[in-house]
Every structure is written in C-alpha cells, then in structure tokens.
Visitor: 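Here it is, the structure, as structure tokens.
Keep in mind that what you see is a predicted model, and the values were worked out from it rather than measured.
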Amino acid sequence: FKPAIEFDLAGKTVGIVVGRELYRDKYEEIIKAHGGEMIMVDAFYHRRDPERYFARRLSGADYVVMVQNQNKHNTSYALAKIKDQFEGFAVAKNLSGIQVEQAIYRAYKGLPAFVTGQ
C-alpha cells in the first residue's frame with residue numbers, strides 16, 4: 001500500500017467499525033503504512049446496550065472510523081454517544097481504501113467527522 005496522504009500515527013491505535021469486519025487486511029495495511037495499529041469491530045452488532053459494547057470493544061482505540069454504508073443505525077447512534085472517549089472520530093462514506101484513509105486523517109487531525117460531497 002502506498003499512502004495517498006502523508007501523516008504519522010506514531011503508534012496510535014485506530015478502531016475501524018465496519019459490517020462483517022470487511023477488508024480487514026486492506027485497512028490494517030493502510031493503518032500500518034501510517035505507523036499505527038488497528039482494532040476492528042463488527043458494525044452489525046444488534047444485541048442490547050450497543051453503547052456499552054462499542055465503548056468496551058474500542059476502549060484501546062485512540063481514533064475511530066465508522067464505514068457508513070456497512071453499519072446499522074444503532075451502531076451510528078451508539079458511536080455518536082461515545083465519540084468523545086476518542087482523540088478523534090470520523091466517518092468513511094464507503095469501503096474504499098481512499099475513503100477510509102481520508103477518514104483516518106480527519107480523525108487524526110480533529111477535522112469534521114464527515115465531509116459532504118465525499
């Protein structure tokens with residue numbers, strides 16, 4: 001993987017929240033290319049207390065990226081409620097590597113979670 005954006009995560013951990021943990025290897029490669037580590041969580045969790053579930057599963061993450069088109073509404077809602085526990089949070093519109101890389105960059109820089117017109 002060759003990064004499209006230059007930034008250094010300096011060993012920080014990025015949580016990726018995506019349905020069925022799709023593209024695990026691809027996203028891990030992106031994060032490692034930027035000097036970080038990855039935690040991946042299945043966005044299709046649908047049991048009770050999703051807020052607590054995601055807070056616990058992502059407790060080791062410095063930044064979190066949610067892939068918008070591969071999650072459930074209760075996942076979005078739960079992450080919106082706990083996003084302040086992370087240094088940064090962003091949304092990737094779809095599964096593409098560039099969308100995820102851009103979202104990681106936004107989370108890392110503290111930029112808006114979602115950019116219209118992505």
Side-chain angles (χ1 to χ4, degrees):
F1 174 78
K2 191 170 190 148
I5 308 167
E6 291 301 319
F7 62 97
D8 184 4
L9 291 167
K12 299 278 187 157
T13 301
V14 178
I16 301 290
V17 181
V18 61
R20 294 182 303 278
E21 298 187 21
L22 292 170
Y23 299 126
R24 173 182 287 278
D25 294 341
K26 176 182 185 178
Y27 299 150
E28 191 163 38
E29 194 175 335
I30 291 168
I31 292 165
K32 284 190 181 296
H34 289 288
E37 298 294 323
M38 183 180 79
I39 296 172
M40 186 171 266
V41 179
D42 184 3
F44 291 156
Y45 178 83
H46 61 275
R47 295 184 182 93
R48 65 181 149 173
D49 204 357
E51 233 176 281
R52 190 168 134 223
Y53 171 80
F54 288 109
R56 184 175 46 80
R57 292 290 312 276
L58 295 165
S59 65
D62 298 293
Y63 309 105
V64 171
V65 169
M66 179 189 74
V67 178
Q68 183 181 31
N69 70 348
Q70 286 293 316
N71 77 75
K72 296 175 77 61
H73 288 292
N74 72 332
T75 300
S76 299
Y77 182 73
L79 290 174
K81 291 181 92 175
I82 66 167
K83 69 180 176 55
D84 291 337
Q85 85 179 40
F86 313 113
E87 290 179 39
F89 173 80
V91 177
K93 187 174 182 175
N94 60 48
L95 293 163
S96 78
I98 190 65
Q99 286 284 324
V100 170
E101 185 181 29
Q102 289 171 348
I104 295 166
Y105 178 78
R106 287 195 311 278
Y108 168 73
K109 287 292 198 176
L111 298 170
F114 187 80
V115 178
T116 56
Q118 280 184 322

Visitor: Specify the closest pair of heavy atoms between Tyr108 and Leu9, including all atoms of both residues, with the distance to one decimal.
Guide: CD1-CD2, 3.8 Å
Visitor: Taking C-beta and beyond as the side chain, do Lys83 and Val64 meet within less than 4.5 Å on heavy atoms?
Guide: no
Visitor: Atom CD of Gln85 and atom CG of Asp62: how far apart are they, to the nearest 0.5 Å?
Guide: 11.0 Å
Visitor: Just verifying a value: how many Å separate Tyr105 OH and Ile98 CD1, rounded to the nearest 0.5 Å?
Guide: 12.0 Å
Visitor: Are Tyr63 and Val65 linked, directly or through intermediate hydrophobic residues, by side-chain heavy-atom contacts shorter than 4.5 Å (ILVMFWY only)?
Guide: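 Both belong to a single hydrophobic cluster.
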Visitor: Hey, does Leu22 have a side-chain heavy atom less than 4.5 Å from the side chain of Val67?
Guide: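 Side-chain contact under 4.5 Å: no.
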Visitor: Output side-chain donor-acceptor pairs under 3.5 Å for residues 30-45, partner residues at least two apart or in another chain, one line each.
Guide:
| from | atom 1 | to | atom 2 | distance (Å) |
| --- | --- | --- | --- | --- |
| His34 | ND1 | Phe7 | O | 3.0 |
| His34 | NE2 | Glu101 | OE2 | 2.6 |
| Asp42 | OD1 | Arg20 | N | 2.7 |
| Asp42 | OD1 | Phe44 | N | 3.0 |
| Tyr45 | OH | Arg48 | O | 3.0 |

Visitor: side-chain contact (heavy atoms from CB on, under 4.5 Å) with Arg56: which residues, sequence neighbours excluded?
Guide: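 With neighbours one apart ignored, the set is Tyr53.
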Visitor: What heavy-atom pair brings Arg47 and Pro50 nearest, and what distance separates the two atoms?
Guide: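 Closest heavy-atom pair between Arg47 and Pro50: O-CD, 3.9 Å.
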Visitor: Could you tell me whether a side-chain N or O of Arg106 sits under 3.5 Å from a main-chain N or O of Pro112, the two making a donor and an acceptor?
Guide: yes
Visitor: Salt bridge (charged side-chain N to carboxylate O under 4.0 Å, His left out) with Glu29: which residues, sequence neighbours excluded?
Guide: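 Salt bridge (charged side-chain N to carboxylate O under 4.0 Å, His left out) check on Glu29 returns nothing, list empty.
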Visitor: Look only at the side chain of Tyr27 and the backbone of Leu95, and say whether a donor-acceptor pair between them is shorter than 3.5 Å.
Guide: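 Pair found, side chain donor or acceptor close to backbone of Leu95.
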Visitor: Linking Ile, Leu, Val, Met, Phe, Trp and Tyr by side-chain heavy atoms under 4.5 Å, what else ends up with Tyr77?
Guide: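 None; Tyr77 is a cluster of one.
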Visitor: Sequence neighbours left out, what passes salt bridge (charged side-chain N to carboxylate O under 4.0 Å, His left out) with Lys26? Give chain and number order.
Guide: none
Visitor: What's the separation between atom OH in Tyr23 and atom CD1 in Ile16, rounded to the nearest 0.5 Å?
Guide: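 It is 14.0 Å, given to the nearest 0.5 Å.
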Visitor: Quick check: are there more than 12 heavy atoms from other residues, nucleotides or ligands sitting under 6.0 Å from CZ of Phe86?
Guide: yes
Visitor: Are Phe89 and Val14 connected, step by step, through hydrophobic side chains (Ile, Leu, Val, Met, Phe, Trp, Tyr) whose heavy atoms are closer than 4.5 Å?
Guide: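 No, it is not one cluster - the side chains of Phe89 and Val14 are not joined through contacts under 4.5 Å.
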Visitor: Holding to side-chain contact (heavy atoms from CB on, under 4.5 Å), I want the full list of residues that pass it with Glu51, two or more places apart in sequence or in another chain.
Guide: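 Counting only residues at least two positions away or on another chain, Glu51 forms a side-chain contact (heavy atoms from CB on, under 4.5 Å) with Asp49, Ala78, Lys81, Ile82.
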Visitor: With heavy-atom distances below 4.5 Å as the criterion, would you say the side chains of Leu58 and Leu79 are in contact?
Guide: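 Leu58 vs Leu79: side chains touch.
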Visitor: Looking at every non-hydrogen atom in both residues, tell me the closest pair between Gly60 and Thr13 and how far apart they are.
Guide: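 Closest heavy-atom pair between Gly60 and Thr13: O-CB, 3.5 Å.
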Visitor: Could you state the interatomic distance from CZ (Phe114) to CD (Gln68), rounded to the nearest 0.5 Å?
Guide: 4.5 Å
